[in-house]
Trainee: 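Take a look at this one; I'll ask things after.
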Amino acid sequence: MTSIAFFGLGNMGGPMAANLIKAGHQVCVFDLFPEAVDKLVALGATTATTPELVVKNADVVISMLPAGKHVFDLYLGDNGLVKALKPNTLVIDSSTIDSATAIKTAQGLKSHKIHFIDAPVSGGVAGASAGTLSFMVGGAESNFASAKPLLDVMGKNIFHAGEVGAGQVAKACNNMLLSILMVGTSEALQLGIDNGLDPKVLSEIMSNSSGSNWTLDVYNPCPGVSEGVPSSNNYQGGFMTDLMAKDLGLAMDTAVQSHSSTPLGGLTRSLYALHQKSGNGKKDFSSIFEQFSQKN
Ligand code: NAD
C-alpha cells in the first residue's frame, strides 16, 4: 500500500484516483471544487484543508491538472508544495502540458531531492474509468520503475519514452498524427459522398485497402457508418474539440522549439481552431467532419 496525494479530480483525475483507492492504496485528495473531493471521499479517500496537509504523509504525489501553469504553480509557485514534500517523494504529473514546463518543474523539484516524471495519458474518460489508459512516461529509469506499479493500476499500456519531458513529446506527436488522420479521413469520406458513394461502402473499401487507419476503422467521423461512436451520437462524449485544439497548440510549440517542419500539423491546428470558433468546442473531435460535409 502506498500513501498517495492526488491533485485534480476532474473528468480524468476523479476516476484515476478512484482506481487507486479500489486497489487498496491510501489516497488523500484535493481539488478546487469541493464536490469533486466529496465524491472521492465517499469512495474511501481522505482529504485535508490545505494542499500542504494533503501531502503531509505522501510518498507519491499525482497531479491531473488543466495546463502547464497549474502544474508549475502547484509545485513551485509562491505557495508551492515543494516546501511541504518529504525528500525522495515521487511526483507523477499526468496532465497534458508542454515538455518545457515539465522539464522546468522537474529541475525545480530536483534541487529539493524530489523526483519527477511526466506521465500524460491517452484513452479518455472511458479509459480512466476502466483503468485502461496508456501512459507515456518521461523520466529516469529508477523513477519509472517506482511509478510503474501505480500506473499499472490506472492503465494498461505503460511506455517509457525517455528522459523528463519525453512523455509530453510523445503525447504531442501522437495527438498531432491522430488529428491529421481524422481530417484526412473526413476529407476522403466527403469526397466520396459528393461523388455519389455510400459512406458505409467507401469506409469498408478503404478500411480493407491502404487507406485503413484508426479514425476510419474504429472511430468513423461520418454519422451512421459505425454504431457506438460519437459521430452516431451527435458527436457527444469522446474527446472534445477543445482538448484536441489544446494538444495541437502544444504540438506546434514543440515544433517551434525543435525547429521541426510540421506543415500538416499546422494546417490541422488551424482547422481545429476554426471548428472551435464555430461553436464546436464541446463536441467530439471527429465532428471536424462537419467542416467538410456542410452545404453552403
Ligand atoms: P478537468 O477540467 O475535468 O479537471 C481538472 C481538475 O483540476 C478540475 O477539477 C480543477 O478544479 C482541478 N484543479 C485545477 N487546479 C488545481 C489545483 N491547483 N489543485 C487541485 N485541483 C486543481 O480536466 P480533465 O478532462 O480531467 O483533464 C485533465 C488533464 O488531462 C488535462 O491536462 C487534459 O488535457 C488531459 N487529458 C484529458 C483527456 C480527456 O478526455 N478529458 C484525455 C487525455 C488527457
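Both counts, for ligands and for their atoms, begin at 1 and track the order of listing. Everything quoted here is computed from the prediction, not taken from an experiment. Excluded from the calculations below are hydrogen atoms, water molecules and symmetry mates; all remaining heavy atoms, backbone and side chain alike, are included. Note that the numbering runs from 1 along the sequence shown for the chain.
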Trainee: Quick test of your reading of the model: are Asp118 and Lys171 salt-bridged, counting only N-O distances below 4.0 Å?
Mentor: no

Trainee: Establish, from distance only, whether the side-chain atoms of Gln190 and Asp194 form a donor-acceptor pair under 3.5 Å.
Mentor: yes

Trainee: Does Lys282 have any side chain to side chain donor-acceptor pair (under 3.5 Å) partners at least two apart in sequence or in another chain, and if so, which?
Mentor: Asp242

Trainee: Quick check for students: name every N or O atom pair between ligand 1 and the protein closer than 3.5 Å, with distances.
Mentor:
residue: ligand 1; atom: 3 (O); partner: Asn11; partner atom: N; Å: 2.9
residue: ligand 1; atom: 3 (O); partner: Asn11; partner atom: ND2; Å: 3.3
residue: ligand 1; atom: 9 (O); partner: Asp31; partner atom: OD1; Å: 3.2
residue: ligand 1; atom: 9 (O); partner: Asp31; partner atom: OD2; Å: 2.7
residue: ligand 1; atom: 11 (O); partner: Asp31; partner atom: OD1; Å: 2.7
residue: ligand 1; atom: 26 (O); partner: Asn11; partner atom: N; Å: 3.2
residue: ligand 1; atom: 26 (O); partner: Met12; partner atom: N; Å: 2.9
residue: ligand 1; atom: 32 (O); partner: Leu65; partner atom: O; Å: 2.8
residue: ligand 1; atom: 32 (O); partner: Pro66; partner atom: O; Å: 3.2
residue: ligand 1; atom: 32 (O); partner: Thr96; partner atom: N; Å: 3.0
residue: ligand 1; atom: 32 (O); partner: Lys246; partner atom: NZ; Å: 3.0
residue: ligand 1; atom: 34 (O); partner: Lys246; partner atom: NZ; Å: 2.8

Trainee: Kindly assign one of parallel, tilted or perpendicular to the pair Tyr75 and Phe116, based on the angle between their ring planes and the thresholds 30° and 60°.
Mentor: perpendicular

Trainee: Applying side chain to side chain contact (heavy atoms under 4.5 Å, CB included) between Cys28 and each of Asn57, Thr46, Ile4, Val41, report the one that passes.
Mentor: Thr46

Trainee: Checking Tyr219 against Asp284: is there a side-chain donor and acceptor pair closer than 3.5 Å?
Mentor: yes

